[in-house]
Amino acid sequence: YKINRCKKKKKKNKKIKGSKDMTITKTIYMYFLYIPTYMLPTFDAWQWEPNEMLSCLEHMYHDLGLVKDFNMNPITLKRWLLCIHDNYRNNPFHNFRHCFCVTQMMYSMICLCNLQEKLPQVDILILMTAAVCHDLDHPGYNNTYQINARTELAVRYNDLSPLENHHCAVAFQIFSQPDCNIFSKFDPEAFKQIRQGTITLILATDMARHGEILDSFKQKVDGFDYADEEHVTCLKMVLIKCCDISNEVRPMEVAEPWVDCLLEEYFMQSDREKSEGLPVAPFMDREKVTKPTAQIGFIKFVLIPMFETVMKLFPQIEEAMVQPLRESRDRYEELKQIDDAMNEVQVLQMIQSAEEEEREPDDWREEEVSV
């Protein structure tokens, strides 16, 4: 695979193309200074252009103290973020805006749950960096397609989380570029810790491992010990999972367009699977799925149980995250009832129409006899 590299101008003062656009503008600065909504799950990423989202991400690293505490070169941080942007594809769903939303939700959870008081800064760095990198170079077709179609990625990674392994590989290909290596000041042992931690979290985003990871966290949450490395690693895995699939936590007007984007990507895949004679998942088939049916089961059986488990450790997320999920579930169930009622009316109309068509010839023959 080819990495989109940051391009430099051949001058003494090296500048990355587009770095001017990444300067935090006065508008963004004032927004951050006076309106702390960027810390909340209600943040609306649809209002922001890519260069503004890049500036927001840059600000998060500064605001969390990561740049100062780890002696990062601010210019390298800009270059790294620009290179990250260039290595997300323009998919309907798995694109740079999704990357930004996941990272903003992680930032929100760090603030809301006071994680900096509970975890060392290196873990905060791992959480943020894994969120930024978690879907790098996503092709828009999921692991099931990769495996069934025997793609290059599936063959390379032996059918084991091919996409997530690829995201990790692309992330560290980018870090291997000196101009994009925000970890350049780290000694080898510290870099090894960052690398292993980031890989562990990105691999945890494979939904095939959802049950395994959540069950492991449930066993630990009641007696959670921040001094236990295994406990903390499991918590970080659950946190990135929450952030990765957190759109329904956001207000309806922010969340619903993401459902449209996801369904568009699903339909692209199912159309391709049909044309290639591959199995098609019902939840991705445009002829079988609706918005309510797509969301109800996911919210009820995946999102709410996971967020409610995290709520045991951080009760403060109930109002900001769990309650919006319950409201979203209720809203989609109401929509499904409306859809079901409309479908029932349509079926009755079809039956009535068919019965009328069957009666018409008999009526015509009766009239002919009487004549």
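What you see below is based on every heavy atom in this structure, not just the backbone, and it leaves out hydrogens, waters and symmetry mates. None of these values were measured; they are calculated from a predicted model.
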Report the residues that fulfil salt bridge (Lys or Arg N to Asp or Glu O under 4.0 Å) with Glu333, sequence neighbours left out, ordered by chain and then residue number. Lys300
Are there over 12 heavy-atom neighbours, none belonging to Asn90, within less than 6.0 Å of that residue's CG? no
Mind checking salt bridge (Lys or Arg N to Asp or Glu O under 4.0 Å) for Arg326 and listing every partner two or more places apart, or none if nothing turns up? Glu308, Glu318
How close do Ser328 and Glu248 get, heavy atom to heavy atom, and via which atoms? OG-OE1, 2.6 Å
Kindly write out the residues that satisfy side chain to side chain contact (heavy atoms under 4.5 Å, CB included) with Ala208, not counting sequence neighbours, or none if the list is empty. Asp206
Look at the side-chain heavy atoms of Ile, Leu, Val, Met, Phe, Trp and Tyr, link any pair under 4.5 Å apart, and say whether Val102 and Ile299 land in one connected group. no
In the structure I gave you, are the side-chain heavy atoms of Gln177 and Arg79 within less than 4.5 Å of one another anywhere? no
If you look at every heavy atom in Gly140 and Gln269, which pair is closest and at what distance? O-OE1, 4.3 Å
Assess whether atom NZ of Lys185 is packed by more than 12 heavy atoms of other residues, nucleotides or ligands within 6.0 Å. yes
Show the atom names and distances, to 0.1 Å, of all donor-acceptor pairs under 3.5 Å that link a side chain in residues 255-263 to residues at least two apart or in another chain.
from   : atom 1 : to     : atom 2 : distance (Å)
Glu256 : OE2    : Lys291 : NZ     : 3.1
Asp260 : OD1    : Lys291 : NZ     : 2.8

Just by modelled atom types, is the Gln104 backbone N or O under 3.5 Å from a matching donor or acceptor in the Ser108 side chain? no
Interatomic distance, His166 atom NE2 to Asp137 atom CG [nearest 0.5 angstrom]: 3.5 Å
Does His85 form a side chain to side chain contact (heavy atoms under 4.5 Å, CB included) with Met53? I'd like the steps, not just the answer. CA-CA 10 Å; His85 169 270; Met53 289 187 281; over 6 Å; no
From CZ (Phe224) to CG (Leu313), nearest 0.5 Å: 5.5 Å
Separation of Asp63 CG from Cys111 SG (nearest 0.5 Å): 6.5 Å
Flag the pair Val122 / Phe70 as yes when at least one side-chain heavy-atom distance between them is below 4.5 Å, and no otherwise. yes
Verify, without hydrogens or angle tests, whether Asn165 (side chain) and Pro162 (backbone) share a donor-acceptor contact under 3.5 angstrom. no
Looking at residues at least two apart in the chain, or sitting in another chain, which of them share a side chain to side chain contact (heavy atoms under 4.5 Å, CB included) with Glu230? Lys220, Asp228
Joint cluster assignment, Leu153 & Leu160, ILVMFWY side-chain distance < 4.5 Å: no
Under the side chain to side chain contact (heavy atoms under 4.5 Å, CB included) test, residues paired with Ala130 that sit two or more places apart: Thr198, Leu201, Ile202, Ile240
Give a yes or no answer on whether the side chain of Ser216 reaches the backbone of Ile213 with a donor-acceptor pair at less than 3.5 Å. no
Heavy-atom distance under 4.5 Å between the side chains of Gln121 and Lys68, does that happen here? no
Sorted by chain and number, sequence neighbours left out, salt bridge (Lys or Arg N to Asp or Glu O under 4.0 Å) with Lys274 holds for Asp285, Glu287
Determine yes or no for a side-chain-to-main-chain donor-acceptor pair under 3.5 angstrom, with Thr103 supplying the side chain and Cys99 the backbone. yes
Minimum heavy-atom separation for Thr76 and Asp179, please, with both atom names. CG2-O, 3.5 Å
Sidechain-backbone polar pair: Gln116 side chain, Ile124 backbone, donor-acceptor under 3.5 Å: no
For the student: nearest non-hydrogen atoms of Met284 and Phe267, plus distance: O-CD2, 3.3 Å
Please write out which residues are connected to Met252 in a hydrophobic cluster, directly or through intermediates, given that two of Ile, Leu, Val, Met, Phe, Trp, Tyr count as joined at side-chain heavy-atom separations below 4.5 angstrom. none
Using the rule that Ile, Leu, Val, Met, Phe, Trp and Tyr join whenever any side-chain heavy atoms are under 4.5 Å apart, tell me whether Ile147 and Tyr266 fall into a single cluster. no
Does Tyr157 reach the side chain of Asn143, with side-chain heavy atoms less than 4.5 Å apart? no
OG/Ser246 to CE/Met106 distance, rounded to the nearest 0.5 angstrom? 9.5 Å
Are the side chain of Ser270 and the backbone of Val280 linked by a donor-acceptor contact shorter than 3.5 Å? no
Is there a donor-acceptor pair under 3.5 Å between the side chain of Asn91 and the backbone N or O of His138? yes
Ile296 and Lys336: which non-hydrogen atoms are nearest, and at how many Å? CD1-CD, 3.6 Å
From CA spacing to verdict: side chain to side chain contact (heavy atoms under 4.5 Å, CB included), Met109, Leu127: CA-CA 10 Å; Met109 293 197 86; Leu127 284 167; over 6 Å; no
Any idea which heavy atoms bring Arg329 and Ile304 closest together, and the distance? NH1-CD1, 3.8 Å
So, taking the atom named CZ in Phe100 and the one named CD in Glu52, what distance separates them when rounded to the nearest 0.5 Å? 9.5 Å
When clusters are formed by joining ILVMFWY residues with side-chain heavy atoms under 4.5 Å apart, either directly or through shared neighbours, do Met128 and Phe191 land in the same one? yes
Could you grab the distance from atom CG of Leu40 to atom OH of Tyr107, nearest 0.5 Å is fine? 10.0 Å
If you apply the rule side chain to side chain contact (heavy atoms under 4.5 Å, CB included), what do you find for Asn181 with Trp80, and how did you get there? CA-CA 7 Å; Asn181 186 9; Trp80 173 65; over 6 Å; no
Same apolar cluster (I L V M F W Y, side chains within < 4.5 Å links), Val238/Phe301: no
If you count every heavy atom of other residues, nucleotides or ligands that lies below 6.0 Å from Glu189 atom CD, does the total exceed 12? no
For Asn148 and Glu276, which I'm curious about, is there any donor-acceptor pair between the side chains at under 3.5 Å? no
Other than Tyr145, which residues form its hydrophobic cluster under the rule that side-chain heavy atoms must be closer than 4.5 Å? Tyr141, Met268, Leu278
Please name all residues satisfying salt bridge (Lys or Arg N to Asp or Glu O under 4.0 Å) with Glu327, sequence neighbours left out, ordered by chain then number. none
Check: Lys241 and Arg209 side chains under 4.5 Å, non-hydrogen atoms: no
Between Thr233 (side chain) and Glu229 (backbone), is there a donor-acceptor pair under 3.5 Å? yes
Could you tell me whether the side chain of Arg250 and the main chain of Pro41 form a donor-acceptor pair under 3.5 Å? yes
Hey, could you give me each pair passing side-chain hydrogen bond (donor to acceptor under 3.5 Å, both in side chains) that has a residue in residues 123-136? Not counting sequence neighbours. Tyr61-Thr129, His98-His134, His98-Asp135, Asp123-Lys236, His134-Asp244, Asp135-His167
Start with the C-alpha distance between Leu77 and Leu66, add both sets of side-chain angles, then the distance that settles side chain to side chain contact (heavy atoms under 4.5 Å, CB included), and finish with yes or no. CA-CA 11 Å; Leu77 177 64; Leu66 301 176; over 6 Å; no
Report yes or no: does Glu264 contribute a side-chain atom to a donor-acceptor pair with the main-chain N or O of Phe93 at less than 3.5 Å? no
Counterpart residues, ring-ring contact (aromatic ring centres under 6.0 Å, His included), relative to Phe172 (two or more places apart): Phe175
Side-chain contact, heavy-atom cut-off 4.5 Å: Glu273 with Pro279? no
